[in-house]
Amino acid sequence: MMAEITRRSLIKAIGISAGTAFSGALPGLASETLTDKPKGKKLVLTVPHITDVHIRAGENAPLRFKACLNQIISKHKVDFFLNGGDSINDASYDNVVRNQVTEQWDIWDECTKVIDKYKIYSCIGNHDIWWKAPATDDEMYGKNYVVKRLKIPNRYYSFSKKNWHFIILDGNNSKISLDDEQYNWLEQELKNLPAGTPTLIMSHYPILGTTHVLVGGGHSDCKKLKNLFYKHRDKVKICLSGHNHLSDQTVYNGVQYCCNGAMSGFWWGKGDAESVGPGYYQETPPGYAILKMYDDGTVENEYFSNTF
């Protein structure tokens, strides 16, 4: 109760509203409080958002991750996957060497065979990048290697499904932001979309919301992006993120900002003094989100805890 009171106080203080739903964890709270549900709309896509898997050999993480993927595809009739980054446990620490990086990516490849019938659209997380390669021209240095391992077309890109448009961003730049090249691309991408095209945006880092008020780790260019989204408010419907391992849903200027926890919870560990349950990071259990996307541009984001 005290955590919820603190959360609401923070929300009130920064002038935004938020609602969080944990299916199986906090029954009775529903994500549909964030969006109107007009009669007659048609469900066109069901999409899982997984993020912060931090896959590694320890803590029995591979078997637990595969069990959760199997749960997703057996429990929900999904169309494809969105992966929010930090797919591997870590390649960014100074002491990480080459075989540790390749081992983690090999485990990722093995685990995701469970869902090999589904397309996975990923973005790059800060822990996915091996900056300590011996040289900048090493094939494993930097973001290009992550692009290759995640099988994505570029560090930022877009695609369309049904009547929805999806934009995947790379916030791994100075002070957690979009570099000028990427921002100009995003600006043109939104401008070129037909009026009223419902659009989902995914970054590894929260753009707006409560979680980075609590623990940091949000986009430093949030005002610039907020202004751009307001200009295209007939298009931008929802922004997904991870990074903070906390679940939060905030609505601002009609856009849902959903930080969807972490598949790994407390990095597959038991937790610490702030964890309210086994594997939790603070009040958020390990889990994933399911998005229900409709032909009228409305979208529902529901967070499901996992116990694996």
Side-chain angles (χ1 to χ4, degrees), residues 3-4 6-7 10-11 18-27 29-31 33-34 47-55 59 61 64-65 67-69 71-72 75-76 78 81-89 111 120 122-123 125-128 171 200-219 238-251 256-272 274-292 299-308:
E4 181 63 17
T6 302
R7 179 187 178 89
L10 280 166
I11 293 164
T20 305
F22 296 92
S23 290
L26 298 177
L29 294 180
S31 59
T33 58
L34 294 176
V47 183
H49 177 225
I50 63 172
T51 187
D52 296 85
V53 174
H54 288 279
I55 199 62
E59 301 287 352
R64 294 163 69 190
F65 178 37
C68 191
L69 291 176
Q71 182 190 75
I72 292 172
K75 185 174 181 179
H76 310 278
V78 305
F81 280 74
L82 292 173
N83 168 38
D86 281 359
S87 301
I88 62 172
N89 188 52
C111 289
I120 307 174
S122 301
C123 65
N126 54 299
H127 288 292
D128 296 326
L200 176 151
I201 293 174
M202 181 171 70
S203 176
H204 177 62
Y205 308 92
I207 294 173
L208 280 179
T210 303
T211 66
H212 59 281
V213 176
L214 294 169
V215 297
H219 270 260
I238 186 168
C239 296
L240 301 181
S241 66
H243 184 63
N244 286 345
H245 292 225
L246 297 173
S247 179
D248 165 53
Q249 297 187 38
T250 295
V251 179
Q256 295 185 44
Y257 294 88
C258 300
C259 184
N260 280 321
M263 177 70 73
S264 62
F266 195 85
W267 296 269
W268 300 106
K270 294 180 179 179
D272 63 10
E274 291 188 294
S275 302
V276 302
Y280 281 55
Y281 180 57
Q282 297 184 22
E283 300 85 15
T284 299
Y288 59 91
I290 295 291
L291 284 82
K292 299 287 187 179
V299 55
E300 300 162 12
N301 182 99
E302 186 172 3
Y303 190 75
F304 291 80
S305 63
N306 78 68
T307 56
F308 298 109

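A quick note: this is a predicted structure, and the numbers were derived from the prediction, not measured.
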Do any N or O atoms from the side chain of Gln71 and from the backbone of Asn306 form a donor-acceptor pair under 3.5 angstrom? no
Just by distance, no angles: are the side chains of Asn126 and His243 close enough, under 3.5 Å, to form a donor-acceptor pair? yes
Shortest non-hydrogen separation from His212 to Gly209 and the atoms involved: CE1-N, 3.5 Å
Close side-chain approach of His245 to Ser264, heavy-atom, < 4.5 Å: yes
Interatomic spacing from CG in Leu208 to OH in Tyr257 - rounded to 0.5 Å: 4.5 Å
NE2 on His49 to CG on Asn260, rounded to 0.5 Å: 5.5 Å
Heavy-atom side-chain proximity of Asp248 to Leu214 below 4.5 angstrom: no
Rounded distance (nearest 0.5 Å) linking atom NE2 of His204 with atom CG of Leu240: 13.0 Å
Value rounded to 0.5 Å, distance of NZ in Lys270 from OG in Ser275: 12.5 Å
With a 4.5 Å limit on heavy-atom distance, are the side chains of Val78 and Ile72 in contact? yes
Ignoring hydrogens, what is the shortest heavy-atom contact between Thr51 and Asn83? Give both atom names and the distance. CA-OD1, 4.4 Å
Contact summary for Gly216 and Asn244, nearest pair of heavy atoms: O-ND2, 3.0 Å
From CA spacing to verdict: side-chain contact (heavy atoms from CB on, under 4.5 Å), Ile207, Ser241: CA-CA 8 Å; Ile207 294 173; Ser241 66; over 6 Å; no
Looking at CG of Asp86 and CD1 of Ile55, how far apart are the two atoms once the value is rounded to the nearest 0.5 Å? 12.5 Å
Do Glu59 and His54 make a side-chain contact, defined as non-hydrogen atoms from C-beta onward lying under 4.5 Å apart? no
Got a second to check how far Cys123's SG is from Asp128's CG, nearest 0.5 Å? 8.5 Å
Any side-chain heavy atom of Leu246 sitting closer than 4.5 Å to one from Tyr280? no
side-chain contact (heavy atoms from CB on, under 4.5 Å) between Asn89 and Trp268, intermediate numbers included: CA-CA 10 Å; Asn89 188 52; Trp268 300 106; 5.6 Å; no
Pro286 and Gly279 have their tightest heavy-atom pair at CD-O, 3.5 Å
Do Asp52 and Tyr281 come close enough that some side-chain heavy atom pair is under 4.5 Å? no
With a 3.5 Å distance limit and no angle check, can you tell me whether Gln256 reaches the backbone of Asn301 through a side-chain donor-acceptor pair? no
Can you find a heavy atom in the side chain of Tyr303 that is under 4.5 Å from one in the side chain of Thr284? yes
Beyond-backbone contact of Met263 with Cys68, side-chain heavy atoms, under 4.5 angstrom: yes
Nearest atoms (heavy-atom pairs only) where Gly217 meets Pro206: O-CD, 3.4 Å
